[in-house]
Every structure is written in C-alpha cells, then in structure tokens.
Amino acid sequence: MNLASHAGEANANLLFVNFNQDCTSLAVGTKTGCRLFSLSSVDKLEPIYEHNETEDICIVERLFSSSLVAMVSLSSPRKLKVCHFKKGTEICNYSYPNTILAVRLNRLRLIVALEESLYIHNIRDMKVLHTIRDTPPNPTGLCALSVHNDNCYLAYPGSNQIGEVQIFDTVNLRAVTMIPAHDSPLAALAFNTTATKLATASEKGTVIRVFSLPDGQKLFEFRRGMKRCVSINSLAFTTDSVFLSASSNTETVHIFKLETPRERPTEEQGSWMGYVSQALKSSASYLPSGVTDVFNQGRAFANIKLPFSGLKNICALAMIQKLPRVLVASQDGYLYIYNLDPAEGGDCTLLKQHRLISDTSGEGIAEQGGDRPLTKPGGPSSFAAVAANKLPEPIPDRNVTEDYMESPDDGNCPTADLLGTAAHEDTLTDELKLDDDNEFPPMTHHTDIP
C-alpha cells in the first residue's frame with residue numbers, strides 16, 4: 001500500500017506498508033528508511049531488519065521469507081533497487097522511463113508497474129523478459145501477481161473506463177483471457193494461492209466478485225454494502241481459499257465465505273421463511289436483473305469494526321500460532337490483529353495493536369514497546385562479480401541494455417542473484433534456491449530502461 005501521495009495526512013512519516021506473499025512478514029517504508037517485521041506472534045511484533053539512512057522508501061517488497069528486498073525511494077522514484085538485506089548488499093538497480101507505482105514478486109518473476117506499461121523481469125538474473133506497453137492509464141499501479149509457479153499469472157486493468165481485467169501468463173509470455181468484471185473501473189485485485197481464483201472490486205465498491213481461472217467464469221458475488229463513494233483498499237484470500245477479506249475507507253472490514261449455497265433442510269420447506277424464499281425464487285423471472293442479482297449476492301460471514309474510518313489500509317488473512325487471524329495495517333501507523341471464528345463468523349475480536357514506526361519524538365519502536373492500549377472498535381553498499389555464463393537470448397520485443405562488472409576474485413561465477421535463507425521453503429527445479437544463501441555470488445548491475 002503506497003501512501004506517498006498521502007504523506008501530509010494522518011501519520012506523515014509512513015510512506016508504505018505491505019505484507020509479503022505468504023503473510024509471514026510485514027514491510028514498512030518511511031521517510032527515513034524501511035523496516036521488516038515478523039508476523040509469527042500476536043503479542044509481539046518482532047523486527048527482522050531496519051534500514052535508516054535518511055532515505056525515503058515509498059515501496060519495499062520482500063520475497064517470501066528470503067533476504068531479497070525490492071525498494072524504491074521518493075528521491076529516486078524511477079529507480080528500482082534489489083538488495084540482499086542480511087548482507088547489506090545491492091544486487092542490482094534499474095531505472096525506468098517513468099515513476100514506479102508498484103512492484104510485485106514471486107519465485108519466478110518480478111513485475112514493475114508504471115502508469116502505462118508493465119515490465120516483466122526474470123527474478124533469477126533480473127533480465128527484462130517482456131514489456132507490456134501502452135496499457136490503459138493506471139495511476140495507482142493496480143496489478144496482482146500470483147505466487148503459484150504453474151499458474152504464474154499477472155492481472156491488470158484492461159480499461160480505465162470499465163472494470164476489465166487482463167490476465168497475462170508471465171512464464172509463457174502470452175495473454176490468457178480478459179474478464180469483464182465490473183461496469184466501473186477496477187479498484188482492487190487479488191489471486192488465491194493456487195491462482196485458480198481471482199477476486200475483483202470496482203471503484204463503486206459495493207460488489208466483490210470472484211472468478212475462476214483461466215476460463216474467467218464468475219463463481220461468487222458478494223455485496224459489501226449499498227453505501228456510495230466507498231473505496232476498496234484491499235482484497236485477500238486465506239491460504240485454503242475458503243475466506244476472502246475486503247477492506248475499504250470505511251470502519252468495516254468484511255470477510256466472506258466462499259461456499260456454494262445449499263438447499264434448505266426439508267423441515268424448513270413448510271416454514272414461513274421457506275415460503276418467502278420460494279416466493280422470491282418464483283418471482284425472480286418477473287423482476288429486473290439488477291434486483292434478482294441482489295437476491296443472489298452473498299453477505300459477509302464475519303465483520304471487523306476498526307477504530308477509525310477514512311484512512312487507507314491493507315488487510316490480510318493469516319494463520320498465526322495455528323489460529324486464523326485478520327491483519328489490518330493502516331495509514332495511522334498501526335497493525336491491528338483480530339481473531340476470526342471460522343465456524344461461527346460474526347464480529348471479530350481485536351487482540352492486539354502494534355505501532356509500526358517511531359513517534360515524532362524520534363524514540364524507536366524498541367524503546368516504546370511498539371504497542372498501545374486496545375481501543376474500542378469505532379544505501380546499502382554494493383560490490384561486483386562476474387556473470388560468466390551465457391545469458392538467455394532476448395525475446396524480439398525486448399529493449400534493454402545491461403552491463404555486467406567483473407570481479408578479480410571470482411572469474412567463473414554464474415549469473416548472480418542473492419536470496420537469503422528461507423529454510424522452510426522447498427527448493428524447486430530451475431528456480432532460485434531460497435534455502436541456499438551462497439548459491440550465487442553478488443553482482444553490480446546498473447540498467448537504464450527506455
């Protein structure tokens with residue numbers, strides 16, 4: 001969630017906040033650097049990394065639980081830096097023709113979103129594989145990259161007038177499908193873990209839809225509310241794709257359950273409610289389609305009442321200490337952790353609040369404890385190495401010049417990357433070995449992209 005345009009509001013020091021791909025850590029960008037926090041506990045927000053060199057970080061994205069971090073600063077909004085934060089080294093940097101609005105990562109690809117173009121990098125060597133140019137104006141850099149290796153899809157708006165979603169295969173570099181999701185322009189997109197489902201919301205903000213992939217068929221439709229002028233800030237699935245959260249600029253976060261409506265028990269058929277339900281079904285063919293759509297839309301399974309409204313926020317659904325939690329990181333500089341009852345739903349309970357950044361007095365999180373009482377609801381250094389192995393042949397529409405610097409100490413190194421330890425992740429064939437911190441030596445890699 002990029003807050004650079006809101007730097008004069010709420011907590012002016014906070015520029016960016018986002019969860020990593022599996023919601024095991026939280027990245028925070030501020031006017032003085034960036035921080036990474038572990039999300040393994042409800043009661044404690046454990047710092048993993050802190051980089052404070054008076055650099056205003058407006059984008060910081062971590063690759064799963066590795067040491068690879070992609071960063072963009074307000075002072076150099078066209079430059080992307082990819083760093084190994086544990087070693088304090090810069091792997092490479094790229095300069096783009098316009099301001100970088102968003103960066104997305106998975107184990108195979110790195111995506112850079114500009115207002116009217118998308119750059120697809122191979123994360124193994126950071127080469128540009130493909131550029132999607134002349135996309136409809138996308139001033140927020142809205143896009144979503146799936147984390148699944150087999151369904152490595154990129155979703156982005158196909159129009160700035162209506163809610164069309166373009167699905168692009170970033171491995172085979174081809175368009176997959178176009179989904180006419182909404183009548184209004186898109187506001188939020190999210191893949192489930194296996195990239196078999198895509199959740200969408202429009203600028204209107206009243207209806208959330210879920211589509212199957214790759215065919216683009218509508219599976220679910222949920223009504224967030226009837227209120228106008230609602231901005232959907234984020235959508236997020238649980239790992240098992242059973243629940244979907246939607247946060248907005250209101251004080252309510254909705255959690256929907258993705259289940260097919262079941263027929264009512266036989267004993268209910270003769271009841272008053274059964275009679276009303278049957279009457280509605282019988283009259284549906286005589287009502288306008290908009291009215292029947294409302295009858296068929298699902299309602300929230302659970303809700304959260306935030307202690308604020310009107311602030312940007314980002315929501316995630318994660319398992320922490322073996323229990324389902326709802327995480328809300330907000331523009332006010334706090335992370336809110338709620339309990340979710342997967343059986344009964346209803347109102348979620350606020351468990352803990354953690355402060356994400358230092359206060360204006362300059363005292364750090366460690367000194368302050370990082371928390372506040374619960375409220376009622378209402379310039380890493382760089383060095384060089386050789387890329388002796390032959391690089392992949394460029395695809396026809398590539399337009400990128402790359403310079404590799406040789407190191408006198410390492411003359412037989414393959415194309416370099418630096419990923420930190422992530423021992424819990426499986427090593428997959430032909431991709432980065434996330435559990436081998438020394439698989440490749442570092443490199444210095446400077447590129448200007450036209």
Side-chain angles (χ1 to χ4, degrees), residues 1-11 14-19 27-29 56-61 70-74 76-80 96-105 110-120 131-146 153-168 178-179 181-191 198-209 224 229-236 245-250 310-316 328-331:
M1 177 179 63
N2 196 329
L3 298 169
S5 62
H6 300 259
E9 306 171 14
N11 199 314
L14 184 64
L15 298 178
F16 182 88
V17 62
N18 199 16
F19 301 95
V28 177
D56 43 3
I57 303 298
C58 60
I59 296 176
V60 52
E61 296 281 357
M71 295 188 292
V72 180
S73 68
L74 275 182
S76 301
R78 295 171 50 245
K79 178 181 286 188
L80 171 72
Y96 298 83
N98 295 300
T99 298
I100 299 170
L101 300 175
V103 177
R104 299 287 182 264
L105 305 169
L110 182 148
I111 307 298
V112 175
L114 310 186
E115 184 168 358
E116 295 185 355
S117 57
L118 292 152
Y119 290 84
I120 302 173
T131 304
I132 303 174
R133 301 185 186 274
D134 300 322
T135 60
N138 184 12
T140 62
L142 176 63
C143 63
L145 178 66
S146 69
Y153 297 145
L154 170 67
Y156 63 95
S159 169
N160 64 341
Q161 302 297 320
I162 57 175
E164 290 184 354
V165 186
Q166 293 286 346
I167 306 297
F168 189 87
M178 187 280 291
I179 302 174
H182 300 271
D183 295 331
S184 303
L186 296 169
L189 297 166
F191 287 104
L198 175 73
T200 67
S202 73
E203 291 181 354
K204 191 175 180 181
T206 55
V207 174
I208 312 297
R209 295 190 173 106
R224 191 213 57 82
C229 301
V230 170
S231 299
I232 300 295
N233 290 324
S234 69
L235 299 170
S245 67
S247 69
S248 67
N249 63 340
T250 70
L311 298 179
K312 288 195 69 175
N313 58 77
I314 185 168
C315 185
V328 182
S330 171
Q331 185 183 348

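Treat the numbers as computed from the prediction; the structure is a model and nothing was measured. Nothing fancy with the numbering, it's 1 onward along the sequence.
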Inset, instruction - Mark yes when over 12 heavy atoms from residues, nucleotides or ligands other than N160 sit less than 6.0 Å from its CG; otherwise mark no. - result: yes

Inset, instruction - Heavy atoms only: give me the nearest P157-P136 pair and the separation to one decimal. - result: O-CD, 3.9 Å

Inset, instruction - Indicate yes or no for a side-chain donor-acceptor contact from N313 to the backbone of S248 under 3.5 Å, with no hydrogens or angles considered. - result: yes

Inset, instruction - Side-chain contact test, heavy atoms from C-beta onward, threshold under 4.5 Å: evaluate it for F16 versus V72 and give yes or no. - result: no

Inset, instruction - Work out which heavy atom in N138 is nearest to a heavy atom in L101; give both atom names and the distance. - result: O-CD1, 3.4 Å

Legend entry - Point-to-point distance, once rounded to the nearest 0.5 Å, from CG of L145 to CZ of F168: 12.0 Å

Legend entry - Check: R224 side chain, I208 main-chain N or O, donor-acceptor pair, under 3.5 Å: no

Legend entry - S247 side chain to N233 backbone, donor-acceptor under 3.5 Å: no

Legend entry - Check: S73 side chain, I57 main-chain N or O, donor-acceptor pair, under 3.5 Å: no

Inset, instruction - Taking R209 for its side chain and A181 for its backbone only, find out whether a donor-acceptor pair lies under 3.5 Å. - result: yes

Inset, instruction - Kindly indicate whether the side chain of S202, heavy atoms from C-beta on, has any atom under 4.5 Å from the side chain of D183. - result: no

Legend entry - Nearest atoms (heavy-atom pairs only) where L235 meets A190: O-CB, 3.4 Å

Inset, instruction - Compare every heavy atom of A316 with every heavy atom of A236, then report the nearest pair and how far apart it is. - result: CB-CA, 4.1 Å

Inset, instruction - Mind listing the closest non-hydrogen atom pair of R78 and T99 along with its distance? - result: CG-N, 3.9 Å

Legend entry - Atom pair CG (D134) and CG (L118), whose distance is rounded to the nearest 0.5 Å: 11.5 Å

Legend entry - Approximate separation, where rounding is to 0.5 Å, of Y119 OH and L110 CG: 13.5 Å

Legend entry - Distance, nearest 0.5 Å, that separates CD1 of I100 from CG of L80: 5.0 Å

Inset, instruction - Measure from the side-chain N and O atoms of R133 to the backbone N and O of S117, and report whether any donor-acceptor pair falls under 3.5 Å. - result: no

Legend entry - Gap separating the CD1 atom of I162 from the NE2 atom of H182, nearest 0.5 angstrom: 11.5 Å

Legend entry - side-chain contact (heavy atoms from CB on, under 4.5 Å) between V28 and L14, intermediate numbers included: CA-CA 8 Å; V28 177; L14 184 64; 3.5 Å; yes

Legend entry - Nearest heavy-atom neighbours spanning Y156 and I132: OH-CG2, 3.7 Å

Inset, instruction - Starting at CD1 of I232, measure out to CD of E203 and round the result to the nearest 0.5 Å. - result: 11.5 Å

Inset, instruction - Just jot down the ring pair (Phe, Tyr, Trp, His ring centres under 6.0 Å) partners of Y153, sequence neighbours excluded, or say none. - result: none

